[in-house]
Amino acid sequence: MSDVAINTKREKKAQLGRYGKVGHVLNEMDDRLGVAKGGKTFMDKIFPDHWSFMLGEIALYSFVILMLTGIFLTLYYVPSQAVVLYKGSYLPLHGLHVTEAYASSINLTFAVRGGLLMRQMHHWACDIFVGSIVVHMCRVFFTGAFRKPRELNWSIGLTLLTLAIVNGFLGYSLPDDLVSGTGIRIAYSIILSIPVVGTHVAFWLFGGNFPGTVIISRFYILHVLIIPLVILGLVGGHLGLLVRQKHTQFKGEGRTEKNVVGSPMFPIFMAKTTGFLLLVGGVTALLGAFAQINPIWQFGPYDPEKISYAVQPDWYMGFLDGALRIFPAWSFHSFGYTIPLEVTIPAVVFPGIVFTLGYLWPTLERKYTKDNELHNLLDFPRDRPKRTAAGAGILSMLFMLFIASSTDVIANFMHISLNEVLLIMRVLVIISPFVGYIVTYYICKELQGVDGASQRKTPNIVTRTATGEYVAVAAPKNVNDQHVELEAVPVPNYVTSDEVVEATTSGVRTVER
Amino acid sequence: MPLTALKNRTAWMLVTMILASSFVFFIGAAGASPKESPYTTSRYNAGTPNSSIVVNKDGSITAYGNGAIIYTLPKTSLAALGQALYATNCAACHGDKANGVPAHSSDPRYANVRAGNYPNLRGVGSAAVMFWITSGRMPAAAGTNVQAVRRPPRLTYTQALEVAAYIDSLTKTPGLPYVPNVNLKGGSLSTGASLYALNCAACHTITGDGDALASGTYAPSLRNVPANQVVEAIRTGPGNMPRFTGNLSDRQVRDIVKYVTGYIQHPQNPGGLGLGGLGPVAEGFVGLALGVGLLCLAAFWVGERQ
Amino acid sequence: MSEHEHRTPVVFSTAHENDPHMQPAANNPDGMERRIALLFVVAFLLIVAFGYCYWVNAKAWTLGATMGGALFLLGVGLVAWGKYLMPKGPFVEERHDFASSDEEREAFAATIVERGGGVVKRRPVLGGLLGAGLGAFSIAALFPLLGSLGPRPKDTLDKTDWKAGDYLVDITGRRYNVNDMAIGSILTVFPEGKNDDPQAQNQDQVVLIRISDSDFTTQKGRENWGPSGYVAYSKLCTHLGCPVGLYEKKLQMLVCPCHQSMFDVRNGAIPNFGPAPRPLPQLPLKLDANGYILARDGFNQPVGPGYWERK
């Protein structure tokens with residue numbers, strides 16, 4: 001029969017087997033890579049459906065957008081402090097001698113088609129990237145998702161936040177405009193403030209005294225290659241650990257420490273998450289279209305003797321700037337050496353303590369609670385009032401420091417004296433962690449005490465008895481308060497219209513709302 | 001019980017708060033109007049009379065300018081009209097003799113009008129008079145403010161000239177500088193932008209929005225200041241503003257004015273909404289409220305809420 | 001097959017199409033399909049519009065609006081498809097312990113400690129030498145790497161270019177005569193010849209202020225530093241090195257625009273508010289025969305922010 005040619009389509013199809021060309025390709029791949037088993041497991045991986053599990057995805061997808069728009073920008077940006085004559089279309093700069101970095105940033109804004117949009121999307125995506133990491137970490141912290149076995153992933157996440165902030169600052173500095181140049185000057189002084197090694201580190205990084213001639217090119221290679229690579233690697237590790245350890249999930253009917261309930265990777269979660277990627281892209285592009293960010297042409301080029309008032313760093317550096325503003329002028333000087341405590345403490349020691357506390361928190365909590373078990377079910381924040389209150393306290397303080405970074409803007413808007421605003425902020429920053437802790441602690445306690453806190457409210461019927469007593473009786477349950485919920489089943493491979501042979505273990509349960 | 005309600009509705013409250021706050025912010029940013037409400041507290045003594053300020057010895061304020069700005073002395077014939085206007089509008093504080101000693105210091109109705117709080121106007125120069133009156137800062141609303149605010153002017157331009165002529169008539173030689181008239185033709189925008197960044201941005205901010213300074217004072221916004229008032233302010237240094245005389249030539253001042261009236265007052269915002277020129281604070285707010293906020297809402301929709 | 005026996009067997013499960021888990025979440029799936037289709041169509045049109053806007057080089061916002069709108073609508077449609085039209089579940093998977101058995105753990109530990117550690121223990125000298133060699137290499141490699149990154153600070157930060165007899169010039173290189181500035185004027189100046197060099201501009205920048213018309217003493221021991229009311233201070237803030245360019249004439253105060261430190265101009269620029277720990281160093285001035293302003297001497301202390309080696 002071998003000499004009978006296969007020529008009809010049907011025969012070709014039959015030759016390929018039950019799953020046609022797709023199946024054929026998959027088989028060929030499996031022959032070489034052995035992907036079938038792992039692939040199948042991956043396609044079946046269950047993702048919890050709760051909305052708060054999508055927050056980390058905002059961060060992931062804004063990083064994707066950062067990379068795509070960033071690649072566009074590298075094609076036009078020139079990381080050089082060589083001085084060139086600007087001859088472009090923006091008149092207030094025409095004929096000025098500016099650095100190539102600044103000139104190329106202006107040119108990619110005004111002369112490159114789509115350049116302005118890409119620049120703005122890149123910057124907005126950065127704001128969203130760091131912001132969503134913070135929001136995601138809040139979810140992880142307050143629900144106790146960092147507990148054993150996920151301490152390592154918490155540390156990776158915190159490292160990613162640090163790198164995101166650092167890389168955001170580096171990128172913000174690249175256009176070499178007046179505002180960002182001031183930021184670099186401040187960063188230089190902060191490095192100088194480190195005791196013993198500060199001056200050496202600053203001179204190594206900047207190739208000498210500020211401003212030097214190498215800082216833009218060094219920041220550039222850090223910003224576009226080295227740090228993104230590290231971030232990419234850590235994101236890979238973060239997700240790898242997530243797949244290995246599987247998701248946590250909230251407590252609920254049918255959810256145990258031994259299972260995960262939700263939607264399978266393929267196709268349901270994949271559709272949702274790809275859609276979400278597009279949504280993140282859409283929001284970023286719309287912001288880039290309608291909200292102007294970092295108009296470096298209005299700021300002009302950086303010169304060491306120029307300065308603008310009301311200059312703040314990007315929001316994620318705000319807490320540092322606020323701390324620098326409100327810290328008292330305590331410089332330490334002795335034995336011919338100086339420790340500029342007014343800089344070292346708020347800008348080096350304080351963030352050091354906050355981040356170290358972040359890294360150590362899972363260990364500290366395990367030691368303190370003597371809880372060495374594996375946890376896959378999440379806490380409700382109210383059930384762990386001390387942790388929740390501590391987190392709220394630290395966040396309150398950071399938030400107050402962030403507010404303190406705009407003392408001048410507050411004074412201007414509210415028509416009060418700058419001096420008074422600063423004193424008020426000092427007080428607020430000091431008391432905010434305690435107030436945040438106490439208030440949150442009692443709210444948690446209060447919520448714990450409320451019966452059926454997650455249930456729908458039922459009215460009480462108050463009746464007066466014959467003896468004149470008032471009695472409150474709970475109203476009978478409304479039938480609509482009950483609904484039928486499906487029990488979770490393993491993801492089926494086949495869907496058949498035949499008689500049900502092997503019924504799924506689907507049960508139904510009745511749930512009170 | 002309210003706490004239970006809170007828990008059930010936390011997410012929706014979050015939604016409302018984000019939307020409401022971004023709305024409020026946009027309204028605020030859009031209507032970033034010049035300050036209208038004056039300071040009501042008295043924290044600062046209005047200070048030393050500025051009559052002792054002397055401009056260049058040669059009598060000309062132009063260091064090496066050439067007609068970029070023309071300074072004109074108000075006609076002396078206007079002084080008579082100006083005297084009447086001065087008596088009704090200025091004398092209460094600055095004194096009958098314009099020497100900074102209030103006229104009615106013994107009258108209880110002017111209890112807050114104390115001698116020594118008000119500048120001596122003799123020899124201040126007509127440019128200074130024009131600046132304070134045409135910007136609506138004078139006549140001031142109340143006796144002692146930390147800083148007079150820009151308002152719709154009470155006196156017309158001609159009336160201001162008349163007052164200036166009257167004050168000029170009080171001294172043997174009229175004070176300097178005279179009323180400037182700037183000719184913006186031929187000015188260099190890029191020189192102006194550069195000089196603006198070096199000399200003006202430290203207080204008025206690089207986008208010209210102004211901001212709060214020490215002890216309740218502030219640098220006003222430059223968004224709606226006419227060209228000649230910019231020159232007057234640079235040349236006379238009103239209030240806390242430093243005075244720029246020989247260190248900026250008329251050409252340089254003309255360039256600054258060209259940049260201020262051109263690009264500070266009509267900024268190019270090809271990237272969309274200018275966000276009130278507040279820079280990273282506003283951007284951070286929008287990024288968090290609209291960017292992260294909207295995407296959290298999206299996540300709220302994409303996921304289940306149990 | 002025998003080598004696969006210890007693996008978790010692949011599970012094939014079957015669902016009936018009437019199984020409630022396999023039903024879409026939408027009440028009216030056909031209606032939902034139409035709505036999603038509409039989203040996709042509009043998104044497609046927006047992408048076409050984006051292409052057009054790019055082609056004709058329309059304004060930036062049109063590019064963003066069309067692209068953002070298209071992405072947004074595609075995203076909404078795709079999410080809605082997954083959320084409303086695909087099997088609603090819920091589905092579950094078991095969580096398998098990933099911790100190994102006790103035997104496996106012991107075998108692993110034994111490998112590291114016994115097999116590896118034993119080898120080293122038997123030859124401790126070699127192990128020590130190897131460690132010393134690698135350690136020395138990393139230190140030796142580190143120093144040239146860091147050393148080439150930048151020069152050693154030495155006294156760079158302690159000094160400025162100002163020296164006795166330097167004329168004060170503005171950014172354009174112009175010298176200043178005693179009559180050039182009125183009282184209440186401020187000017188940024190550099191030592192003559194250094195006004196165009198960014199490195200010097202940073203370290204040497206000085207604010208020249210005229211606060212009176214007669215000689216002015218800002219502090220004891222500075223009696224002849226302020227001829228004809230001209231005083232000069234380093235423009236580098238002693239907090240973080242921002243240029244202190246904000247001068248309030250009536251308050252006689254220099255304010256740092258970055259963190260609002262306030263310096264009293266009349267009193268040796270002593271900070272009276274904010275985080276700056278030290279006064280701005282004052283540059284002693286004098287006038288030459290023609291009335292031009294020049295430096296009587298250099299600064300008597302380092303300018304700018306604090307650092308470890310600052311005396």
Side-chain angles (χ1 to χ4, degrees), chain A residues 49-55 58 91-96 116 120 124 127-128 131-132 135 178-179 250 252 272 276 279-280 283 287 289-295 297-300 305-315 318 406 408-409 411-412 415 417-419 443 446-447 450 453 457, chain B residues 1 3-5 7 35 37 39 43 188-190 192-194 197-198 201-207 209-216 218-219 259 263 267-275 278-281 283-288 290-292 294-296 298-306:
Chain A
D49 283 327
H50 193 264
W51 67 274
S52 66
F53 286 76
M54 307 292 289
L55 297 175
I58 304 178
L91 288 180
L93 296 171
H94 201 89
L96 287 189
L116 174 60
Q120 301 207 128
W124 281 124
D127 275 8
I128 293 174
S132 53
V135 176
L178 182 58
V179 174
F250 279 107
K272 285 189 191 175
F276 201 54
L279 273 175
V280 176
V283 168
L287 275 174
F290 294 113
Q292 182 168 282
I293 188 164
N294 200 19
W297 55 95
Q298 294 177 7
F299 301 157
E305 75 284 359
K306 288 178 183 159
I307 180 87
S308 167
Y309 199 30
V311 175
Q312 280 91 15
D314 265 359
W315 74 267
S406 46
D408 52 333
V409 177
N412 200 36
H415 296 221
S417 164
L418 184 63
N419 308 41
I443 287 181
E446 212 41 42
L447 282 171
V450 178
K457 281 178 287 183
Chain B
M1 286 309 271
L3 288 174
T4 358
K7 190 187 160 293
K35 286 184 182 4
S37 63
Y39 289 88
R43 271 185 244 103
S188 159
L189 271 174
S190 53
S194 239
L198 180 61
C203 303
H204 292 285
T205 79
I206 195 73
T207 49
D209 289 283
D211 204 354
L213 305 178
S215 311
Y218 63 91
Y259 179 66
Y263 278 76
Q268 282 204 347
N269 290 328
L273 202 63
L275 300 183
L278 293 175
V281 174
E283 288 161 6
F285 196 90
V286 171
L288 292 182
L290 279 182
V292 180
L294 263 179
L295 288 169
C296 285
F300 199 56
W301 169 63
V302 176
E304 302 294 329
R305 292 173 288 278
Q306 292 174 346

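Worth knowing before you read on, the calculation uses all heavy atoms, side chains too, and leaves out hydrogens, waters and symmetry mates. These numbers were taken from a predicted model, which means no experiment stands behind them. Sequence lines set the chain letters: A, B, ... in the order given, protein chains first and strands last, and positions in each chain run from 1.
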Give the member of B:A298, B:A197, B:A219, B:G210 that has the highest number of heavy-atom pairs under 4.5 Å with chain A. B:A197
Shorter than 4.5 Å, heavy atoms on both sides: which option in B:A299, B:C203, B:A193 has the most such pairs with chain A? B:A299
Specify whether B:Y259 and B:Y263 have parallel, tilted or perpendicular ring planes, treating 30° as the upper limit for parallel and 60° as the lower limit for perpendicular. parallel
Given a strict heavy-atom distance threshold of 4.5 Å, which part of A:I58 is in contact with chain B: side chain, backbone, both, or neither? side chain
Given the options B:P267, B:S194, B:S190, which has more heavy-atom pairs under 4.5 Å with chain A than any of the others? B:S190
Please report the interatomic distance CG(A:L418) to OH(B:Y218), rounded to the nearest 0.5 Å. 14.5 Å
To the nearest 0.5 Å, what is the distance between CD1 (A:I307) and CG (B:L198)? 11.5 Å
Using heavy-atom distances under 4.5 Å, tell me whether A:L91 contacts chain B through its side chain, its backbone, both, or neither. both
Check for a donor-acceptor pair, side chain of A:S132 on one end and backbone N or O of B:V292 on the other, with a separation under 3.5 Å. no
Heavy-atom distances under 4.5 Å only: say whether A:E305 touches chain B with side chain, backbone, both or neither. both
To the nearest 0.5 Å, tell me how far A:D127 CG sits from B:L290 CG. 11.5 Å
Region of A:V280 that comes under 4.5 Å of a non-hydrogen atom in chain B: both
When B:A214, B:A212, B:S188, B:G291 are compared by non-hydrogen pairs under 4.5 Å with chain A, the top option: B:A212
Nearest-0.5 Å distance, CD1 of residue B:I206 to NZ of residue A:K306: 8.0 Å
Checked B:L295, B:L189, B:V302 vs chain A; the most non-hydrogen pairs under 4.5 Å come from B:L295
Gap between atom CD of A:Q292 and atom CG of A:L287 - 0.5 Å precision: 13.0 Å
Given a strict heavy-atom distance threshold of 4.5 Å, which part of A:L178 is in contact with chain B: side chain, backbone, both, or neither? side chain
How long is the straight-line distance from OG1 of B:T205 back to CZ of A:F299, given to the nearest 0.5 Å? 9.0 Å
Of the backbone (N, CA, C, O) and the side chain (C-beta and beyond), which part of A:F290 lies under 4.5 Å from a heavy atom of chain B, both, or neither? backbone
